[in-house]
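First the structure, in the form of structure tokens, and then the observations on it.
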Amino acid sequence: MSQKIFEKKDVRKLYLDEQGNVDYAKIQARWDELKKIKVSLGNKYFTQQVVEKAKTLSQEDQQRLLDIMIAGLTNDDSSVGIAATRPEDYDFFLFYLEPLIREYHKIEGQTKQEHDWNIPVGEYVLTKIDPKLEKVSMRARVARNVAGYNLPSSMDKDERIKFENQMVEVFEKFGFPGKYHSLTPGHKNFISDQEADVLRSKHFLFISMTHDNYLMSNGVASDWPYGRGIWISEDETKMVWVGEEDQLRIISIVQGNDLGKVDQSLHELLTGIEKSGLKFAEHPTYGIITTCPTNMGTGKRQSILGKFPNITKGGKDEAKLKDIAKSLGLQARGVGGEHSNMDSEGTADISPSARFGVTEAVVTKRLYEGLIKLYEIERNAANEKERQNCCNTF
Ligand SMILES: Nc1ncnc2c1ncn2[C@@H]1O[C@H](COP(=O)(O)OP(=O)(O)OP(=O)(O)O)[C@@H](O)[C@H]1O
């Protein structure tokens with residue numbers, strides 16, 4: 001089922017009865033089928049108790065619950081499979097979502113998300129790890145959604161366009177020199193496919209969402225490319241994605257070696273957007289509200305693009321780097337982000353995995369401390385290779 005691209009409007013019909021009401025028998029049959037392939041968290045926590053509680057809700061709310069888990073029902077390889085439809089889902093459907101969020105983020109007890117952007121500049125300097133790390137591509141992003149709007153999975157075309165236009169007004173007034181580039185046909189800032197591809201080749205703009213069966217089936221990619229675009233600062237270090245998995249992805253990319261500088265740049269941009277009057281959706285316990293519950297907490301992901309030719313054996317053994325990174329609390333992705341490959345130099349996007357229960361400052365600290373260990377393992381792998389080459393010559 002996950003091989004072809006399915007649209008939300010078609011997929012959801014599979015789980016409705018003849019009257020157009022949610023059909024729990026059909027949902028359960030599909031979850032049972034998937035249990036033989038892979039058990040996503042959405043599947044695991046769709047218990048009989050959840051079904052009983054769901055049946056007490058209005059039909060409209062039952063359909064919202066179906067929409068929340070529809071990507072998990074559609075995709076055989078789903079690990080979580082959940083996308084919230086509105087910020088309120090994290091209260092209204094907590095009877096289903098809470099255990100799932102707690103398991104994913106390994107939350108024990110009464111942990112509550114705290115924020116701290118107090119990141120020292122000059123402390124997390126990559127050349128202290130290795131003098132060769134003079135000019136590294138460093139990126140940090142936060143996900144944000146604006147209170148009062150639906151989340152991208154349930155926005156309709158008009159709402160997407162309205163949101164984009166509200167953001168254009170913010171960009172025109174918020175004081176950072178830069179330009180908004182829109183993918184919306186007919187928009188005053190419209191850019192062609194070729195111009196969009198240039199921005200993608202620089203790692204600035206997101207790829208078309210219509211090839212992603214998760215984003216298509218849960219509706220995040222609906223109405224593509226309406227309401228989508230990117231604002232980029234004049235010096236190309238700050239950017240804002242509009243209309244991707246979250247309404248906003250606020251990003252900084254800096255070439256250098258001080259991790260604190262990319263945070264400083266990101267925080268300036270975030271504060272500038274906040275000052276424009278936008279109020280971001282936030283949960284009192286789970287922090288920043290994001291479409292996917294895996295990003296809840298800080299909503300922050302911070303990475304560097306690093307080369308690990310020895311661990312990966314020239315990019316051929318990506319799994320080894322991924323396993324080592326995981327053991328250090330880090331995630332290794334390919335050069336083009338999630339689901340992409342590393343290159344022949346073993347270039348990977350390395351970021352800390354934790355999103356919830358750590359502050360923004362701790363994310364940076366974790367990245368730095370993880371990199372100290374990862375580069376040590378890379379050096380050891382290089383030494384080992386040299387030793388073997390040397391022995392082989394005798
Ligand atoms: N340190 C970095 N320097 C430059 N570009 C980067 C860096 N890290 C990631 N990127 C680029 O950012 C883009 C987005 O990556 P990706 O979609 O994996 O992550 P994301 O925006 O954090 O969202 P998500 O985690 O939801 O997938 C990709 O093009 C990726 O290559």
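Starting from 1, each residue takes its place in the sequence as its number. Both counts, for ligands and for their atoms, begin at 1 and track the order of listing.
When ring centroids are compared, Phe204 and Trp231 stay outside the 6.0 Å threshold. Phe308 and Tyr375 have their aromatic ring centers within a separation under 6.0 angstrom.
Remark: Glu384 engages Arg387 in a salt bridge, criterion side-chain N to carboxylate O under 4.0 Å. Residues Asp323 and Lys326 are not paired through a salt bridge, judged by the lack of any N-O separation under 4.0 Å between the basic side chain and the carboxylate.
Using a 4.5 Å cut-off on side-chain heavy atoms (C-beta onward), Pro87 and Glu282 make no contact. Using a 4.5 Å cut-off on side-chain heavy atoms (C-beta onward), Arg144 and Ile250 make contact.
Closest protein heavy atom to atom 9 (C) of ligand 1: Asp349 OD2, 3.0 Å. Looking from atom 27 (O) of ligand 1 to the surrounding protein, the closest heavy atom is Glu338 OE1, 3.1 Å. At the top of the distance list for atom 16 (P) of ligand 1, counting protein heavy atoms only, stands Arg333 NH1, 3.5 Å. Nearest protein heavy-atom contact of atom 5 (N) of ligand 1 is His203 CB, 3.6 Å. Taking atom 25 (O) of ligand 1 as the reference point, the nearest protein heavy-atom neighbour is Arg141 NH2, 2.8 Å. The single protein non-hydrogen atom nearest to atom 8 (N) of ligand 1 is Ser303 OG, 2.7 Å, given as residue, atom name and distance. The shortest contact between atom 1 (N) of ligand 1 and any protein heavy atom is with Ser137 O, 2.9 Å. Atom 6 (C) of ligand 1 has Arg139 CD, 3.4 Å as its closest protein atom, hydrogens excluded (heavy atom only).
When non-hydrogen atoms are compared, ligand 1 lies under 4.0 Å from the side chain of Trp241 (C-beta onward) but not from its backbone. With a heavy-atom cut-off of 4.0 Å, Leu305 touches ligand 1 through backbone and side chain alike. Contacts between Val335 and ligand 1, counted as non-hydrogen atom pairs separated by less than 4.0 Å, involve the backbone only.
Heavy atoms from other residues, nucleotides or ligands lying under 6.0 Å from NZ of Lys26 number more than 12.
No side-chain donor from either of Gln62 and Asn21 sits under 3.5 Å from a side-chain acceptor of the other.
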